[in-house]
2 protein chains.
Amino acid sequence: MTFNIENSAKQARIASRQVAQLNTNQKNKLLLLIAAAIESNSATIISENAKDIDAGRAKGLTEAMLDRLLLTPDRVTDIASAIKEIVALPDPVGEVANLTLRPNGLQVGKMRIPLGVIAMIYEARPNVTAESAALCIKSGNAVILRGGSEAIHSNVALANCLHQVIRMEGLDPNMVTVIPDTSRTVIEQLLKQRESIDLVIPRGGEGLIRYVTEHSQIPVIQHFKGVCHLFIDKFADINKAVNILVNGKTQRPSACNSLETLLVHKDIADTFLPLAAKALLPAQVKVHACEQSINYFDDASLATTDDFNAEYLNQEIAVKIVSGFNKAIGHINEFTSDHTEVIVSQDTSRTQAFIRQINSSVVMVNASSRFSDGGQLGLGSEIGISTSKLHAYGPMGLSSLTTEKFVVYGDGQIRD
Amino acid sequence: MTFNIENSAKQARIASRQVAQLNTNQKNKLLLLIAAAIESNSATIISENAKDIDAGRAKGLTEAMLDRLLLTPDRVTDIASAIKEIVALPDPVGEVANLTLRPNGLQVGKMRIPLGVIAMIYEARPNVTAESAALCIKSGNAVILRGGSEAIHSNVALANCLHQVIRMEGLDPNMVTVIPDTSRTVIEQLLKQRESIDLVIPRGGEGLIRYVTEHSQIPVIQHFKGVCHLFIDKFADINKAVNILVNGKTQRPSACNSLETLLVHKDIADTFLPLAAKALLPAQVKVHACEQSINYFDDASLATTDDFNAEYLNQEIAVKIVSGFNKAIGHINEFTSDHTEVIVSQDTSRTQAFIRQINSSVVMVNASSRFSDGGQLGLGSEIGISTSKLHAYGPMGLSSLTTEKFVVYGDGQIRD
């Protein structure tokens, strides 16, 4: 399939001016119609998805990958529900923060506005197509979606629903572009359209994100991996510590906010580690332990530097005893992925010091790392997680798809 | 001179952890000592500057460029004063906004933190060296400064003052790095250090900024040019309109917030343009006018598309009569540099529509574009102006050198 990326991006830029001007009621109405269209076209979407599943099976995708790709009537309903949840979120556009009065009578404030055109580059899951489009529309942006080749039929079927509704409403269909070309060349071209695209959000494996970061002339939201640390301080409440460890590691190990490394203050190791070892047994967590901690576990292997860098994403954990608070901070600063770090301690000075000294995107006291998620932190739906500090840091909700312009109200003021 | 950029950037990253942890009193003390050291080393700085001036003269720099490069005792005092003004600014680091309580009892907020390491790439003026270093230190960042070859002796002399004080205070001198190598190769290497550098801020001509944008693997704050528009609506107060035009165009035409294009509603052209023509005479402003407006001016030339794209930076202006409000919006959207746009109108609906429909970084009602400046808008000292929407948009003060991390306070919460 040939597809003119430069022209598409320009058309998206033009459409972005229209979507930026829609008010909240107009955007919500559009999104509700899109949700309804997706539900009423469920059969078509599922039959198109079947083509992707067949192709995927022929290509030898694993069952896990096929499952992520698969759409069922319930999953299509879930996509529509996710869009309705976005309708219910507050609209960040137009909000003016801190309107102040300057000495010369000028009123100065900052007004939240859409970014313009957002490009999403992602892998298999077709629900990302509909949800990302909905988040971009709600925040007043145009969006260019480049999903993986595995989901191409499903993505195009979803795009057809969106375009049908957008056209019916008399709006510019270029506010949502699904790129039907799944070659890598298309990504390279896309990443050069810096006159038309304001932000690139890649979602997928580390390889994809590095590739996008290295090739892009457009700002990229980066989320390489989540190597989340849990530090059990010597002043920890032992019950909380055990619960937070088990929940963080075992509840959903495939999530990027799951724990990968446990650091234990030496003064509490004798009390805590036997309980921790026992608590990790039911989930059959494989332990990679340092020399000091290895004897607390049955069947633990000796932890290497690779273990402390690892994002296991399964029932495995690296464990290390540290001789003090500063050693814990030092270990985290050395191995951090800037995602999420947790301290368990009842001592206020130490929890405050941890919060102050660890500059990962989410820093927690006495809570499970699994709360490091847009929905759990109160942002509503999440469009991604940034582990680089520019523009957005941590889970990104609607307001991360906007920026602020200065607004200045005068009454004829001129400068001396 | 050989200089290992990769190693320097790594050392800056290490030093950044120390400066991030300094409290406001420590940072202010350091900055006051730096200001004092610059004043007491004034003679040395000026004699080093003389070498730059001699070299510049030999190289054939224009008198205007030599003047920008020149340091005098007064100008050195000004540099020290600028640092003292930065001391007086509020410290953004550590501020927690919107601490909210989630239904499960988690307290969630966002805390402002330094970005880490900032690289400044700039041209001639040596005051940028000291002021940028001071702004970065105040906001808890390490900084790498790569000034132009024209100012190399002055920059190194200033860096010596800074390092002397930083060492005296027992702090890591790598919090401020002045790169003594002025080759372009060094910029290319610098722009690859994305593991160590968080943000690049280029300051200078459009060529430098495009070069940096195209070569950088690190996020770049872009400020290409300022083509600021003034729209005189049909409901404008004529006196305000004339004053705002004259001030915006003639007060300091070399500044990027000066006016470059005047748009006039056709219904007010007959009243406004004769007064405007007269008011622009004393400054001998050269007018490039559209066919409809050319006869209002003596000696105007016919405006071309190039004129509407031009950042004149001198006493020249492009003038166009528009047939209505939407035509003005359309013209601005076509030619905008996303810097500053102004409407003069007494009609609330139209001023609100202008604010809503123009998404430049600064949008003004009934005020001179010359207020589009960090100091004038209340940010204190300005480290640059961003005309791209990511991270910062418009004049950037201290808080644009920071980001926000999530902080979460729990009491043992785990996820269901």
Side-chain angles (χ1 to χ4, degrees), chain A residues 17 20-21 94 100 102 106 108 111 113-116 194 198-199 213-214 217 219 237 239-240 243-244 246-248 251 333 351 355-357 359-368 370-372 376-378 388-391 393-395 403-415, chain B residues 17 20-21 94 100 102 106 108 111 113-116 194 198-199 213-214 217 219 237 239-240 243-244 246-248 251 333 351 355-357 359-368 370-372 376-378 388-391 393-395 403-415:
Chain A
R17 299 215 181 97
Q21 296 305 316
T100 59
R102 301 289 306 149
L106 285 182
V108 178
M111 182 184 280
I113 59 170
L115 286 175
R194 68 167 196 272
D198 297 282
L199 177 65
T213 303
E214 273 160 31
Q217 292 183 4
D237 175 309
N239 283 333
K240 289 176 192 166
N243 289 337
I244 287 169
V246 172
N247 189 251
Q251 195 225 5
N333 277 335
T351 55
I355 291 240
R356 185 81 176 80
Q357 291 178 38
N359 277 340
S360 296
S361 62
V362 183
V363 188
M364 296 188 172
V365 174
N366 295 335
S368 170
R370 292 278 296 119
F371 290 114
S372 184
Q376 296 295 324
L377 297 182
S388 57
K389 288 181 183 141
L390 265 283
H391 184 67
Y393 196 39
T403 189
E404 288 180 312
K405 69 181 173 193
F406 285 87
V407 291
V408 180
Y409 298 91
D411 191 30
Q413 281 88 342
I414 59 171
R415 194 159 161 191
Chain B
R17 300 215 180 96
Q21 296 305 318
T100 58
R102 301 290 305 150
L106 285 182
V108 178
M111 182 184 281
I113 59 170
L115 286 175
R194 67 167 197 272
D198 296 283
L199 177 65
T213 303
E214 272 159 33
Q217 291 182 7
D237 175 308
N239 282 333
K240 290 176 192 165
N243 289 337
I244 287 169
V246 172
N247 189 252
Q251 196 226 5
N333 277 335
T351 55
I355 291 239
R356 185 82 176 81
Q357 291 178 38
N359 278 341
S360 296
S361 62
V362 183
V363 187
M364 296 187 170
V365 174
N366 295 334
S368 171
R370 291 278 297 122
F371 290 114
S372 184
Q376 296 295 324
L377 297 181
S388 57
K389 289 181 183 142
L390 266 284
H391 184 67
Y393 196 37
T403 189
E404 288 179 311
K405 69 181 173 192
F406 285 87
V407 290
V408 180
Y409 298 90
D411 191 30
Q413 282 88 343
I414 59 170
R415 195 161 161 190

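This structure is a prediction, so every number in the text was calculated from the model and none was measured. In the text below, chain A, chain B and the rest are named by the order of the sequence lines, each starting its count at 1.
- Formation of a donor-acceptor pair under 3.5 Å by the B:R370 side chain with backbone atoms of A:R415 is not found in this model.
- Of the two parts of B:V362, the backbone and the side chain both hold a non-hydrogen atom closer than 4.5 Å to a non-hydrogen atom of chain A.
- For B:N247, the part sitting under 4.5 Å from any heavy atom of chain A is the side chain, from C-beta outward, and nothing else.
- In terms of heavy-atom pairs under 4.5 angstrom with chain B, the leader among A:T351, A:T213, A:L106, A:V246 is A:L106.
- Of the two parts of A:D237, neither the backbone nor the side chain holds a non-hydrogen atom closer than 4.5 Å to a non-hydrogen atom of chain B.
- When atom types are taken as modelled, the side chain of A:E404 and the backbone of B:G394 share no donor-acceptor pair closer than 3.5 angstrom.
- For chain B, the nearby parts of A:V363 are the backbone and the side chain; heavy atoms of each come within less than 4.5 Å.
- Between chain B and the residues A:N239, A:N366, A:L199, the largest count of heavy-atom pairs under 4.5 Å involves A:N366.
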Determine, stepwise, if the pair A:I414 / B:I244 fulfils side chain to side chain contact (heavy atoms under 4.5 Å, CB included).
-> CA-CA 6 Å; A:I414 59 171; B:I244 287 169; 4.1 Å; yes
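- Of the two parts of B:N333, the backbone and the side chain both hold a non-hydrogen atom closer than 4.5 Å to a non-hydrogen atom of chain A.
- Closest approach of A:F406 to B:Y393, counting heavy atoms only: CE1-O, 3.6 Å.
- A heavy-atom distance below 4.5 Å is found between the side chains of A:P114 and B:N359.
- Both the backbone and the side chain of A:Q357 come within contact range of chain B, with heavy atoms under 4.5 Å apart.
- When all heavy atoms of A:A367 and B:G410 are compared, the closest pair comes out as CB-CA, 4.2 Å.
- Counting heavy-atom pairs closer than 4.5 Å to chain B, the top residue among A:Q217, A:M364, A:R17, A:R102 is A:R102.
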Take B:I355 and A:Y409 through the test side chain to side chain contact (heavy atoms under 4.5 Å, CB included) and record every step on the way to the result.
-> CA-CA 10 Å; B:I355 291 239; A:Y409 298 91; 3.8 Å; yes
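- Contacts between A:T100 and chain B at a heavy-atom distance below 4.5 Å are absent for every atom of the residue.
- Interface summary for chain A: among B:N243, B:D411, B:V407, the most heavy-atom pairs under 4.5 angstrom belong to B:D411.
- With a 4.5 angstrom heavy-atom cutoff, A:L115 touches chain B via backbone and side-chain atoms both.
- Of all heavy-atom pairs between A:D198 and B:L390, the closest is O-CD2, 3.2 Å.
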Please report the C-alpha distance between B:R194 and A:E214 in whole Å, then the side-chain angles of each, then the deciding distance to 0.1 Å, and finally whether the side chain to side chain contact (heavy atoms under 4.5 Å, CB included) criterion is met.
-> CA-CA 10 Å; B:R194 67 167 197 272; A:E214 273 160 31; 3.1 Å; yes
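- Both the backbone and the side chain of A:R356 have a heavy atom closer than 4.5 Å to some heavy atom of chain B.
- Heavy-atom distances place no part of B:S372 under 4.5 Å from chain A, backbone and side chain included.
- No side-chain donor-acceptor contact under 3.5 Å links A:K389 to the backbone of B:K405.
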